[in-house]
Amino acid sequence: MRATPALAYALTSLCLGSIAVFASENLFWSAPKTAIHPGELALTILAYSLCAAGALSGVLWSRLGGWRALFLGGAIQGWLVEGVLVATTYDAFPLQLVWTPLAWHALITALGVVGLARYAVHGSLLVQLASLIGLGSALGAFGLYWPLERGRMPSTLSVLGYLVGIGALVPVCSIVLDRVGRVSRPSGRTLAIAPCLLGAIWCVRFALAPSPARVSVPLLVALTLWIMRRLAPRDRDSASDALELGPRAPRWRHALFLVLPLATTLVCSVGWSRTNGLHTNIPFALCTSLLSFGLYARLAFVALRPTKSTTSAR
């Protein structure tokens, strides 16, 4: 029995929010800063799921699909998390409009983690494992910086529980997304719930701490929605007006995702035991920021070009 459009939308938002918590929080911090409380983790998942729902509403409204929807939807979620739920986007304005919303949320979380979790499971097993080990090792190399800022790092077992334990959310959510299969556009009211809630939160935060920099987030979200709308195929009919989540994959292929946090744990643990920390954060941030900004600029440039229908009309 296929889920209703509203239920499929809600389940997809919750799954994407859960995956994003692991990818944007756990993989970013590499190790727990304080004791993990189930209640706090649940609230974090709900907050991320709200932002995922806001981004998913934009994707469904624009009718864009594929990797471009994944990347641009991840960018929207990044700006919503970093610029609405919290205010880290404005700490080093305007640099942090790219790092971390584009460089981490869009590039690493959306294209990297979600992309691998959803699409690598259908290809070569060797390619899947190599991709998981490669991304996990790169994120582990980034984590070698943390002792310079945080001092003594937790034990390997703590890191293993933090990354692999919470990382188990990813294959579980991938299996649920397999069951959902596709997300048809729900009613306009359903699509508007999350954006309206996030808009209200932004208005309250702006009223409490007004700043011109805060206006950048809604402007960037609006710009991204315009880009997505321009990039979407013009000839799609209402019958194809759904977001395809990909075909089902064997559950054991989804379970192999845990190779990624294992690789991250191994690189971090070995690196922390042999060094007192390395300034790997700077080259990592520069590379990912340039790459993600370049990709976003490229998509914006393509969106600016006249469509075929406009060209033929001339």
Side-chain angles (χ1 to χ4, degrees), residues 19-38 40-41 44-45 48 74 78 81-82 85-113 116 129-170 256-294:
I19 295 173
V21 167
F22 167 72
S24 297
E25 293 291 330
N26 297 80
L27 285 178
F28 180 83
W29 294 110
S30 305
K33 296 188 294 182
T34 58
I36 301 173
H37 299 286
E40 292 180 0
L41 178 60
T44 304
I45 289 175
Y48 265 82
V81 170
E82 306 291 348
L85 295 187
V86 296
T88 53
T89 295
Y90 318 115
D91 291 342
F93 186 85
L95 296 178
Q96 286 206 208
L97 290 176
V98 176
W99 174 264
T100 58
L102 278 182
W104 200 286
H105 291 271
L107 185 67
I108 295 174
T109 296
L111 277 187
V113 173
L116 283 177
L129 290 173
S131 301
L132 291 169
I133 293 172
L135 181 57
S137 299
L139 295 173
F142 167 78
L144 297 181
Y145 158 75
W146 289 121
L148 297 174
E149 181 177 306
R150 294 157 61 180
R152 184 178 177 83
M153 299 302 291
S155 67
T156 301
L157 283 178
S158 297
V159 177
L160 195 66
Y162 183 71
L163 293 180
V164 179
I166 299 179
L169 285 171
V170 178
L256 287 177
F257 178 84
L258 295 179
V259 169
L260 187 152
L262 279 171
T264 304
T265 301
L266 179 62
V267 172
C268 284
S269 298
V270 172
W272 293 338
S273 66
R274 297 188 177 184
T275 71
N276 293 320
L278 299 172
H279 285 285
T280 52
N281 61 320
I282 296 175
F284 187 93
L286 284 175
C287 290
T288 54
S289 295
L290 290 173
L291 181 58
S292 60
F293 180 77

Ala141 backbone acceptor or donor facing Thr280 side chain under 3.5 Å: yes
Note, Tyr145 side chain near Ile282 side chain (heavy atom, < 4.5 Å): no
Flag side-chain contact, heavy atom, 4.5 Å: Tyr48 against Leu85: no
Side-chain touch Val170/Leu260, heavy atoms, less than 4.5 angstrom: no
Side-chain heavy atoms of Thr89 within contact of Leu97, under 4.5 Å: yes
Thr100 and Glu82: side chain donor to acceptor below 3.5 Å: yes
With sequence neighbours excluded, residues passing ring-ring contact (aromatic ring centres under 6.0 Å, His included) with Phe28: Trp104, Phe142, Trp146
Listed partners of Ser292 passing side-chain hydrogen bond (donor to acceptor under 3.5 Å, both in side chains), at least two apart: none
For the student: nearest non-hydrogen atoms of Pro101 and Gly78, plus distance: CB-C, 3.8 Å
Point-to-point distance, once rounded to the nearest 0.5 Å, from CG of Leu41 to CG of Asn26: 7.5 Å
Heavy-atom closest pair, residues Gly74 and Ala110: CA-CB, 3.9 Å
Main-chain N/O of Pro147 paired to Asn276 side chain as donor or acceptor, under 3.5 Å: no
pair Leu169-Val21: side-chain heavy atoms closer than 4.5 Å: no
Side-chain touch Tyr162/Trp29, heavy atoms, less than 4.5 angstrom: yes
